[in-house]
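Encoded as structure tokens, the structure appears first; notes follow it.
Just so we're clear, the structure is a prediction, and the values are computed from it rather than from any experiment.
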Amino acid sequence: MFEYLRNEDGTNVPVCKEVKATAASYEVGDALVVDSSTGLLKACTGTTKPQYISAAKKTVTGGDALLAVYPVFAGQEYKTQFSADASAVKEGSAVTIDATGKKVTATTASGVFTILEKLGSGAAGTYVIGKFM
């Protein structure tokens, strides 16, 4: 899960809003993006920068159901976990989002989450602080 920590300039405090979502189960902290083909939210993975972070645990059963979300703005810092061993990945590197949209990987090619601080060795499950670029 992506947990909002702070904004580096003190602005853009998260404001919750509701956006239509694709039928799926969502957890608080899921990275999300609007699917350009449907206009609905879906999980954000890989090299795509998220537009939103889920603010609710909800199972959406219809494509027009609303999901509470926080918009992602430049300068916001988030805490999450590595889904794989990232012990060789250095602070300052940008990594991708895992296939679940809940954590980051150790893959630096076309990364979208810049590591500001590793809170441990970097093994899978280690917490990391970073921001979306």
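- Between Ala21 and Tyr26 the shortest heavy-atom distance is CB-OH, 3.8 Å.
- The 12-atom threshold is not exceeded at NZ of Lys57, counting heavy atoms of other residues, nucleotides or ligands nearer than 6.0 Å.
- Grouping the Ile, Leu, Val, Met, Phe, Trp and Tyr side chains by contacts below 4.5 angstrom, directly or via other members, places Val34 with Val60.
- In this structure a side-chain-to-backbone donor-acceptor pair under 3.5 Å is present from Thr80 to Lys102.
- When side chains are defined from C-beta on, Thr45 does not count as touching Thr100, because their heavy atoms never get closer than 4.5 Å.
- Taking the six-membered ring where the residue is Trp, Tyr4 and Tyr78 present perpendicular rings, their angle passing 60° and hence far from 30°.
- When all heavy atoms of Glu18 and Leu66 are compared, the pair lying nearest together is OE1-CD1, 3.7 Å.
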**Study point:** Intermediate values then yes/no, side-chain contact (heavy atoms from CB on, under 4.5 Å), Val104 and Ser83
**Key:** CA-CA 6 Å; Val104 293; Ser83 63; over 6 Å; no
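- Tyr127 carries Lys79 over the face of its six-membered ring, with the cationic atom under 6.0 Å from the centre and within 45° of the normal.
- Two residues are said to be in side-chain contact when any heavy atoms from C-beta on lie closer than 4.5 Å; Thr107 and Val95 fail this criterion.
- Glu91 contributes a side-chain N or O that, together with a main-chain N or O of Lys118, makes up a donor-acceptor pair within less than 3.5 Å.
- Here the CE atom belonging to Met133 is positioned 4.5 Å from the OG1 atom belonging to Thr114, to the nearest 0.5 angstrom.
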Test Val19 against Tyr52 for side-chain contact (heavy atoms from CB on, under 4.5 Å), laying out the working first. CA-CA 9 Å; Val19 179; Tyr52 300 98; 4.1 Å; yes
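- For the pair Ser121/Thr126, a side-chain contact is recorded, criterion being any heavy-atom separation below 4.5 Å from C-beta on.
- Put simply, the side chain of Thr108 never gets that close to the backbone of Ser93: no donor and acceptor are under 3.5 Å apart.
- How far NZ of Lys103 is from CG of Asp30: 12.0 Å, rounded to the nearest 0.5 Å.
- In summary, the side chains of Thr105 and Thr96 do present a donor paired with an acceptor at a separation below 3.5 Å, with no hydrogens or angles considered.
- Counting heavy atoms from C-beta outward, Tyr70 and Val15 have side chains that stay 4.5 Å or more apart.
- Within the 4.5 Å cutoff, side-chain heavy atoms of Ile53 are placed close to those of Val72.
- Distance check: Leu67 CG to Lys17 NZ gives 12.0 Å after rounding to the nearest 0.5 Å.
- For the pair Glu3 and Met1, the minimum side-chain heavy-atom distance is below 4.5 Å.
- Counting heavy atoms from C-beta on, the side chains of Val69 and Cys16 never come closer than 4.5 Å.
- Summarising the geometry, atom CG belonging to Leu32 is positioned 11.0 Å from atom NZ belonging to Lys42; distances are rounded to the nearest 0.5 Å.
- Using a 4.5 Å cut-off on side-chain heavy atoms (C-beta onward), Val128 and Leu119 make no contact.
- Between the side chain of Thr22 and the backbone N or O of Leu41 there is at least one donor-acceptor pair closer than 3.5 Å.
- Under 4.0 Å is where a charged nitrogen must lie from a carboxylate oxygen, and between Lys58 and Glu27 no such pair does.
- In this structure, Glu77 pairs ionically with Arg6, as a charged nitrogen and a carboxylate oxygen lie closer than 4.0 Å.
- The minimum heavy-atom distance linking Pro50 with Ala31 is given by the pair CB-CB, 3.9 Å.
- The closest donor-acceptor contact from the side chain of Ser54 to the backbone of Ala56 lies under 3.5 Å.
- Atoms OG1 and CZ, on Thr47 and Phe113 in that order, are 15.5 Å from each other to the nearest 0.5 Å.
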